[in-house]
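Dropping the structure in here first, questions after.
In what follows, chains are A, B, ... by sequence order, proteins preceding strands, each numbered from 1.
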Protein chains: 2
Amino acid sequence: MNIAAQATTHHGIREAIRARIVGGEWDLGELIPGEAEFAAQYSCSRSTVNRALQALAHEGIVERKRKGGTRVRPLQLPQARLRIPIIREEVQSAGQTYSHRIMRRERQLPPGDVAQRMHLPDDHELIHLQTLHLAGGEPFAFERRWVDPVTVPDFEEADLTAISANEWLIRMVPFSRGEASLLAVSADAELAQMLKVAPGEALFTMERTTWFEERSVTFTRLHYAPGYRLNFSL
Amino acid sequence: MNIAAQATTHHGIREAIRARIVGGEWDLGELIPGEAEFAAQYSCSRSTVNRALQALAHEGIVERKRKGGTRVRPLQLPQARLRIPIIREEVQSAGQTYSHRIMRRERQLPPGDVAQRMHLPDDHELIHLQTLHLAGGEPFAFERRWVDPVTVPDFEEADLTAISANEWLIRMVPFSRGEASLLAVSADAELAQMLKVAPGEALFTMERTTWFEERSVTFTRLHYAPGYRLNFSL
DNA sequence: TGCGATATTATGTGCATACATAATCATGAA
DNA sequence: TTCATGATTATGTATGCACATAATATCGCA
């Protein structure tokens, strides 16, 4: 019933142990054999078993404690690696031609909730950008973005016709960390007009705030046209 | 500017190198020093550097190729680890009391789209369950679930008053893999009544299909009450 | 010059060993 | 009995070494 009888590679052993766990050899929360025991079973060194078990712990399959041993994780909480898609790639990989139109671009005071999410004072001016993303000429998503010109001084003169603001920022300020929320909103009049849908339509929405070393970079609110799904595997 | 000057532990070195990458010491796509070079710089063994760089590669910060060396990843695509919350924990961690009411429970043929998502023929009977999840007595989310009684024969007689179907299934069929989609839907009449909102309201919705070793376990469509946000960090 | 064989090189991996660290268990004194 | 102390034990981690593997560079020959 083993998935495959591999050589004594660390991920061969990882898969072997995973199969035994999934196969129900041990109950949830139960202690599984120690590294030395596995090493003997698979005739490999303890280091190799260690790497295998560490990988399983990293995945959340098992929990390990010094001296406490390794046990099957009691409640297997589903988790997934979610890739935030780049809109252009998303559209193109669906076989459609991508384009975008900048509807608005100006320097202004942000609304209170935006300033709050970016951890900025109310009187801090930001660059406000509205972009309509199109797939095959049809509205795909509408984006409202605020950028902090203090953190990204070059943004104000950036040429955003060839490359979208999102990709421009990723290129200029990589390795920024951030927070994101997913939610559903009803289309207001402006959104309805932009996306060519009826007011009140349910729109899948993603908000993102990103920082680079404690300095706010950008906040975006992205509304997808109806029918959009964000898929991932768990 | 170093995060911290640790000893020569593999994750000390990992963070040191990460800081140098983030600090812009090398351009995007540029080759960074080899393992031997880093080992010399930090006076540790090549194995230790190897682990550190492998971790960074796993994170997507760098790309490694045998003989090709290690280079900073050209386009840093944002990705996140999304934890699918368990509703009870979600409600309780917000300080509210959780409860649920089973509104419906019967064996029936599923709608075509459900059968399709579970990779089942149209004439395969499933257990259909409708549950209202409440936070502090108020509707929090409404769930329609289909369970395959062939894969999970015990489910039909499961006592779902103390424990929710979701947690029951996680306990009985752990380690199942699956797919999920996030989307926005407008409340139909039934949803509006269940969640006590106006028809047409935008509802954040999660669909999940899970399998255990090629056998379908369950498909759920979960509609959250308005105002819900799924938060995560990137 | 063109091309295939060979050498070189950077990462990938396994192993034996040594020591570190944290939690538990056993011991013994108050 | 209770509590402090030290022994025990399982995992965590670093190291030197050997060899595997893949991609590139180089060389030699036609």
Side-chain angles (χ1 to χ4, degrees), chain A residues 2-21 25-74, chain B residues 2-21 25-74:
Chain A
N2 276 351
I3 303 269
Q6 298 88 343
T8 60
T9 82
H10 65 229
H11 57 282
I13 289 174
R14 162 164 58 81
E15 293 312 314
I17 295 178
R18 187 211 305 284
R20 291 172 67 178
I21 291 175
E25 181 165 336
W26 304 282
D27 285 337
L28 292 186
E30 188 182 344
L31 214 56
I32 71 177
E35 299 185 349
E37 167 69 19
F38 277 126
Q41 286 182 20
Y42 294 106
S43 353
C44 67
S45 78
R46 191 174 72 84
S47 340
T48 306
V49 175
N50 182 286
R51 288 195 66 153
L53 289 178
Q54 281 200 30
L56 291 175
H58 200 75
E59 275 186 63
I61 302 286
V62 299
E63 276 175 338
R64 321 193 71 197
K65 267 199 315 203
R66 274 193 165 114
K67 164 73 183 175
T70 304
R71 50 188 71 232
V72 181
R73 192 157 182 152
Chain B
N2 274 355
I3 303 269
Q6 298 89 341
T8 60
T9 82
H10 64 225
H11 57 280
I13 290 174
R14 160 163 58 82
E15 292 313 314
I17 296 178
R18 187 210 305 282
R20 292 172 66 179
I21 291 175
E25 182 167 336
W26 304 283
D27 285 336
L28 293 185
E30 189 183 343
L31 215 55
I32 72 177
E35 298 185 351
E37 166 69 18
F38 276 125
Q41 284 181 21
Y42 295 106
S43 354
C44 67
S45 78
R46 191 175 70 84
S47 335
T48 308
V49 175
N50 182 285
R51 289 198 66 153
L53 289 178
Q54 281 199 29
L56 290 177
H58 201 74
E59 276 186 62
I61 303 285
V62 298
E63 277 175 339
R64 321 192 73 197
K65 266 201 315 208
R66 273 187 167 124
K67 165 73 182 175
T70 304
R71 51 188 70 235
V72 180
R73 193 160 179 152

What is the distance, to the nearest angstrom, from the CD1 atom on A:Ile13 to the P atom on C:dG12?
19 Å
Residues in side chain to side chain contact (heavy atoms under 4.5 Å, CB included) contact with B:Ser47, at least two apart in sequence or another chain
B:Ser45
B:Gln54 CD to D:dT13 P, in whole Å, measures 15 Å
Across the strands shown, which category fits A:Thr48 at heavy-atom distances under 4.0 angstrom: base, sugar-phosphate, nothing?
sugar-phosphate
Value in whole Å for how far the P atom of C:dT13 lies from CZ of B:Arg51:
12 Å
Just one of B:Leu56, B:Val62, B:Ile61 clears the side chain to side chain contact (heavy atoms under 4.5 Å, CB included) bar with B:Ile17, so which one?
B:Leu56
Can you build the contact string for nucleotides 6-11 of chain D? Use B for base contact, S for sugar-phosphate-only contact, and - for no protein heavy atom under 4.0 Å.
---BBB
Return yes if some donor-acceptor pair links the side-chain N/O of A:Arg64 with the main-chain N/O of A:Thr70 below 3.5 Å, else return no.
no
Give the minimum heavy-atom separation between A:Pro33 and A:Gln41, together with the two atoms involved.
CG-NE2, 4.5 Å
Heavy-atom closest pair (B:Ile13 atom, B:Cys44 atom, distance to 0.1 Å) is CD1-SG, 3.3 Å
Length of the CG-P vector between B:Leu56 and C:dG12, whole Å:
12 Å
C:dC15, C:dT13, D:dG16: which one has an atom nearest the side-chain heavy atoms of A:Ser47?
C:dC15
Mind checking salt bridge (Lys or Arg N to Asp or Glu O under 4.0 Å) for B:Glu30 and listing every partner two or more places apart, or none if nothing turns up?
none
